[in-house]
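Encoded as structure tokens, the structure appears first; notes follow it.
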Amino acid sequence: MPEANFVILYVESPAASVTFYEDLLGRPPIESSPTFAMFTLHGESMLGLWSRSTVEPLPAAAPGGSEIGLTVDRAATVDAVHDDWHRRGIVIAQPPTTMDFGRTFVALDPDGHRLRVFAQTGR
């Protein structure tokens, strides 16, 4: 069975998205071209940014229709990451809140993709 270790987001401007994710992740992409860029995430997981206008077949989903979950070790870290991202000017769609699964907040990338940072209940 193939392993799911690669997420691709369709973006309007790969260059703008590279700038955003390079700052957010604190490292450059491992691959970059005018229409595609790839970052390492954790372990063998990868994040691809593909120009929406060059994807084949063309995507049917509306822009910004994806969400990436980013886990942290504890609830206090959720708040600390939120404060850091807010200071950087990253758009926050949901401020830190406690939900049934734990502490979370949601930020948006330049294309409106959701970045949910969370710590599970009990952490």
Side-chain angles (χ1 to χ4, degrees):
M1 177 84 171
E3 292 185 27
N5 61 1
F6 192 56
V7 174
I8 297 175
L9 299 179
Y10 304 140
V11 300
E12 188 63 34
S13 168
S17 292
V18 163
T19 299
F20 177 85
Y21 282 99
E22 195 170 50
D23 180 59
L24 190 72
L25 299 172
R27 61 182 165 275
I30 60 169
E31 181 181 325
S32 186
S33 75
T35 62
F36 182 82
M38 184 167 43
F39 286 88
T40 58
L41 293 176
H42 180 72
E44 295 182 20
S45 297
M46 309 293 258
L47 172 64
L49 307 169
W50 195 349
S51 172
R52 181 180 296 116
S53 64
T54 64
V55 172
E56 292 184 25
L58 288 176
S66 299
E67 180 170 309
I68 297 176
L70 306 162
T71 58
V72 295
D73 58 349
R74 58 196 171 119
T77 306
V78 170
D79 295 334
V81 172
H82 167 268
D83 292 347
D84 176 53
W85 289 10
H86 180 73
R87 275 192 301 276
R88 294 184 194 198
I90 296 172
V91 175
I92 304 297
Q94 178 188 37
T97 188
T98 301
M99 301 182 78
D100 60 349
F101 58 84
R103 187 84 171 147
T104 187
F105 79 91
V106 177
L108 302 177
D109 80 358
D111 289 276
H113 296 291
R114 296 161 54 123
L115 306 172
R116 180 177 299 278
V117 176
F118 68 97
Q120 292 178 315
T121 301
R123 292 187 178 188

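Expressed to the nearest 0.5 Å, how far CG of Asp109 lies from CD1 of Ile90 amounts to 9.5 Å. In this structure, OG1 in Thr121 is found 7.0 Å from CG in Asp100, a value given to the nearest 0.5 Å. Interatomic distance, Met38 CE to Tyr21 OH, rounded to the nearest 0.5 Å: 15.5 Å. Atoms CH2 and CG, on Trp85 and Asp23 in that order, are 10.5 Å from each other to the nearest 0.5 Å. With values rounded to the nearest 0.5 angstrom, Ile30 atom CD1 is found 10.5 Å from Leu47 atom CG. Between the CZ atom of Phe39 and the CD atom of Glu31 there is a distance of 11.5 Å, given to the nearest 0.5 Å.
By the 4.5 Å heavy-atom criterion applied to side chains, Phe118 and Leu70 are not counted as neighbours. In this structure, Arg114 and Gln94 have side chains that are not in contact, with every pair of non-hydrogen atoms separated by 4.5 Å or more. When side chains are defined from C-beta on, Met46 does not count as touching Leu41, because their heavy atoms never get closer than 4.5 Å.
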The test is salt bridge (Lys or Arg N to Asp or Glu O under 4.0 Å); show your working for Asp111 and Arg52 and say whether it passes.
CA-CA 10 Å; Asp111 289 276; Arg52 181 180 296 116; 3.7 Å; yes
Do Thr35 and Val55 pass the side chain to side chain contact (heavy atoms under 4.5 Å, CB included) test, and can you show the C-alpha distance, the side-chain angles, and the key distance before you say yes or no?
CA-CA 9 Å; Thr35 62; Val55 172; over 6 Å; no
May I have the step-by-step check of side chain to side chain contact (heavy atoms under 4.5 Å, CB included) for Asp79 and Phe105, ending in yes or no?
CA-CA 8 Å; Asp79 295 334; Phe105 79 91; over 6 Å; no
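One N or O on the side chain of Thr54 and one on the backbone of Ser51 form a donor-acceptor pair closer than 3.5 Å. Within the 3.5 Å criterion, the main-chain N or O of Leu25 finds a donor-acceptor partner in the side chain of Arg27. In this structure, Thr104 contributes its side chain and Val117 its backbone to a donor-acceptor pair below 3.5 Å.
Side-chain contact, Gln120 with Arg103: no donor N or O sits under 3.5 Å from an acceptor N or O.
Ala37 approaches Pro29 most closely through the heavy-atom pair CB-CB, 4.4 Å.
Val106 and Val72 fall into different hydrophobic clusters, where Ile, Leu, Val, Met, Phe, Trp and Tyr residues are linked whenever their side-chain heavy atoms come under 4.5 Å apart, directly or through other members.
For the pair Arg87 and Asp83, the salt-bridge criterion is not met [side-chain N within less than 4.0 Å of a carboxylate O].
Classified by interplanar angle (parallel below 30°, tilted 30° to 60°, perpendicular above 60°), the ring pair Trp50/Phe36 is perpendicular.
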